[in-house]
Number of protein chains: 2
Amino acid sequence: MKTDSSTTYEWIKQLQTCGYRVTAARQTIVELLVSSTHALSPIEIYDLGRKEYPALGLVTVYRTLERLDELGLIQRVHMPDGCHRYLRATQGHQHLLLCTCCGQVEMFEGDDLSKLTQRVEDTTGYHIQDHWLQLFGLCPRCTSQSRQ
Amino acid sequence: MKTDSSTTYEWIKQLQTCGYRVTAARQTIVELLVSSTHALSPIEIYDLGRKEYPALGLVTVYRTLERLDELGLIQRVHMPDGCHRYLRATQGHQHLLLCTCCGQVEMFEGDDLSKLTQRVEDTTGYHIQDHWLQLFGLCPRCTSQSRQ
DNA sequence: CCTCATAATGAAAATGATTTTCATTATGGT
DNA sequence: ACCATAATGAAAATCATTTTCATTATGAGG
């Protein structure tokens with residue numbers, strides 16, 4: 001298991017390798033995403049980030065998220081209202097599970113969808129590029145609270 | 001196979017049964033959704049609808065979509081940019097397939113996700129309420145065009 | 001058919017997320 | 001240390017969606 005700081009270092013190094021400059025804003029944003037256990041919205045990153053680096057601008061948050069997404073370091077979570085949250089990318093056949101009550105986002109080890117994808121390609125003639133599989137429900141805490 | 005007009009009639013009747021009034025705006029919107037082969041955006045419904053009924057307002061489109069969604073007559077399609085399109089609801093384990101090039105939306109007969117859902121409930125303690133499974137790719141026409 | 005409570009409507013304004021513009025600043029190769 | 005230019009932040013623009021509110025039209029009851 002890697003520590004957060006070493007992951008932060010690797011992300012920064014990867015940005016550098018790809019020709020991007022290392023800036024205070026980017027380091028702040030990367031640290032937040034690396035250490036967060038749940039998916040963050042741009043505004044949350046902006047607010048948390050300014051505690052660390054007050055000059056941080058919201059636009060920079062959006063631009064940095066775009067870069068990190070391009071590099072495959074983070075993934076977007078599509079919320080039902082259409083806005084987005086961001087989470088460290090995971091490897092393997094992981095999918096998203098969102099609590100509709102508290103907003104908590106978790107990953108679960110999901111099915112390998114390649115068989116399904118292949119079948120859909122064969123039957124529809126589409127060339128599949130990407131998929132979304134997200135489950136929505138109540139997390140254990142919200143489930144027990146709603147039972148009261 | 002039902003004709004479009006009889007489906008339109010049924011949807012209107014269902015609105016009525018649920019205590020909603022039958023209005024020209026609603027009939028126009030229902031007709032469009034019943035007869036469309038692809039998912040429509042609110043603006044598209046607004047523009048198409050005004051050809052039939054020029055007084056139609058965009059807000060009414062949004063409100064009617066909300067009603068039809070509540071009644072389970074239509075389903076929302078979540079686009080990558082976060083906005084929504086709407087499509088007649090389908091029965092069974094149908095899922096969405098979107099062309100990333102031309103925007104065409106199709107349904108495919110997908111897996112029954114109840115086994116996966118059950119497993120996720122067991123392992124995470126979540127109470128699953130809903131799921132999104134959408135595939136993205138190039139439709140046959142766009143695939144052949146991009147090969148030129 | 002007429003009346004009337006109120007559901008439904010449309011226009012305009014508000015909201016909120018995201019993007020664009022642009023002048024200024026700061027990184028990193030030389 | 002210099003400098004081209006990548007990156008930044010502020011402000012304005014955009015775009016989908018929602019709210020507000022005064023007006024209109026549906027449909028139940030007489």
Side-chain angles (χ1 to χ4, degrees), chain A residues 9 11-32 39-71 74-87 103, chain B residues 11-32 39-71 74 76-87 103:
Chain A
Y9 173 73
W11 286 27
I12 293 294
K13 208 172 72 177
Q14 192 157 349
L15 279 167
Q16 214 165 15
T17 304
C18 295
Y20 298 118
R21 293 181 180 174
V22 177
T23 66
R26 284 177 177 168
Q27 294 194 60
T28 304
I29 294 166
V30 164
E31 266 164 34
L32 284 171
L40 297 168
S41 67
I43 285 286
E44 281 173 355
I45 294 171
Y46 176 59
D47 288 337
L48 291 169
R50 276 182 306 170
K51 291 182 185 169
E52 175 83 11
Y53 177 60
L56 181 65
L58 181 57
V59 184
T60 301
V61 172
Y62 276 97
R63 282 187 286 226
T64 302
L65 290 170
E66 211 176 306
R67 292 290 118 71
L68 295 174
D69 192 29
E70 278 165 25
L71 298 181
I74 58 173
Q75 64 187 307
R76 301 177 100 185
V77 177
H78 303 268
M79 306 302 289
D81 66 358
C83 53
H84 298 113
R85 292 174 163 271
Y86 295 85
L87 199 62
Chain B
W11 287 26
I12 293 294
K13 209 174 70 178
Q14 191 155 349
L15 279 167
Q16 214 165 15
T17 304
C18 296
Y20 298 119
R21 293 181 178 173
V22 177
T23 66
R26 284 177 177 169
Q27 294 193 62
T28 305
I29 294 166
V30 164
E31 266 164 34
L32 285 171
L40 297 168
S41 66
I43 285 286
E44 281 172 356
I45 294 171
Y46 177 58
D47 288 336
L48 291 170
R50 276 182 305 169
K51 292 182 184 168
E52 175 83 11
Y53 176 61
L56 181 64
L58 181 56
V59 183
T60 300
V61 172
Y62 276 97
R63 283 187 285 226
T64 301
L65 289 170
E66 212 176 305
R67 292 288 120 71
L68 296 173
D69 192 29
E70 279 165 23
L71 297 181
I74 58 172
R76 301 178 100 185
V77 177
H78 303 267
M79 306 302 289
D81 65 358
C83 53
H84 298 114
R85 293 176 162 270
Y86 295 85
L87 198 62

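Residue numbers start from 1 in every chain, and the chains themselves are labelled A, B, ... in the order their sequence lines are given, proteins ahead of strands.
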Participant: Flag yes if more than 12 heavy atoms outside A:Tyr9 fall under 6.0 Å of its OH atom; otherwise flag no.
Facilitator: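 12 or below, so no.
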Participant: Closer to the 5' end of DNA chain C via nearest nucleotide, is it A:Arg21 or B:Tyr46?
Facilitator: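 Result: B:Tyr46.
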Participant: Just how far, in rounded Å, is P of C:dT27 from CZ of A:Arg63?
Facilitator: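 To the nearest whole Å, that distance equals 16 Å.
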Participant: Could you pull out all residues at least two apart from A:Glu44 that satisfy salt bridge (Lys or Arg N to Asp or Glu O under 4.0 Å)?
Facilitator: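 For A:Glu44 the salt bridge (Lys or Arg N to Asp or Glu O under 4.0 Å) partners, ignoring immediate neighbours, are A:Arg85.
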Participant: At the 4.0 Å heavy-atom cut-off to chain A, mark where contacts on DNA chain D begin and end, going 5' to 3'.
Facilitator: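 Footprint of chain A along DNA chain D, 5' to 3': D:dA4 to D:dA11.
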Participant: Any non-hydrogen side-chain atom of B:Ile45 less than 4.5 Å from a side-chain atom of B:Thr64?
Facilitator: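 No; the side chains remain at least 4.5 Å from each other.
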Participant: Ignoring backbone atoms, establish whether A:His84 has a side-chain N or O less than 4.0 Å from OP1 or OP2 of C:dA17.
Facilitator: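 For C:dA17, neither OP1 nor OP2 has a side-chain N or O of A:His84 closer than 4.0 Å.
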Participant: Closest-nucleotide mapping onto DNA chain D: is B:Ile43 or A:Gly19 further toward the 5' terminus? I mean the 5' end.
Facilitator: A:Gly19
Participant: Give the rounded distance in Å between these two atoms: CZ of A:Arg26 and P of C:dT27.
Facilitator: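 The distance from CZ of A:Arg26 to P of C:dT27 comes to 11 Å, rounded to the nearest Å.
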Participant: For A:Met79 and C:dT18, give me the distance from atom CE to atom P, rounded to whole Å.
Facilitator: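 It is 11 Å, rounded to the nearest whole Å.
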Participant: Is any side-chain heavy atom of A:Trp11 closer than 4.5 Å to a side-chain heavy atom of A:Arg26?
Facilitator: no
Participant: Judged by each residue's nearest nucleotide on DNA chain D, which is more toward the 5′ side, B:Tyr62 or B:Gln16?
Facilitator: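 Its nearest nucleotide being more 5', the pick is B:Tyr62.
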Participant: Under 4.0 Å, counting only non-hydrogen atoms across every strand here, what does A:Ala24 touch: a base, just sugar-phosphate, or nothing?
Facilitator: nothing
Participant: Between C1' on C:dT19 and CD on A:Glu66, what's the gap in Å once rounded to a whole number?
Facilitator: 9 Å
Participant: Taking the six-membered ring of B:Tyr53 as reference, does the cationic atom of B:Arg50 (NZ for Lys, CZ for Arg) lie under 6.0 Å from its centre and within 45° of its axis?
Facilitator: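 Not flagged: B:Arg50 not positioned over aromatic ring of B:Tyr53.
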Participant: Please name the residue in the list A:Leu65, A:Asp69, A:Leu87 that meets the side-chain contact (heavy atoms from CB on, under 4.5 Å) test with A:Arg76.
Facilitator: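 It is A:Asp69; the other options fail the test.
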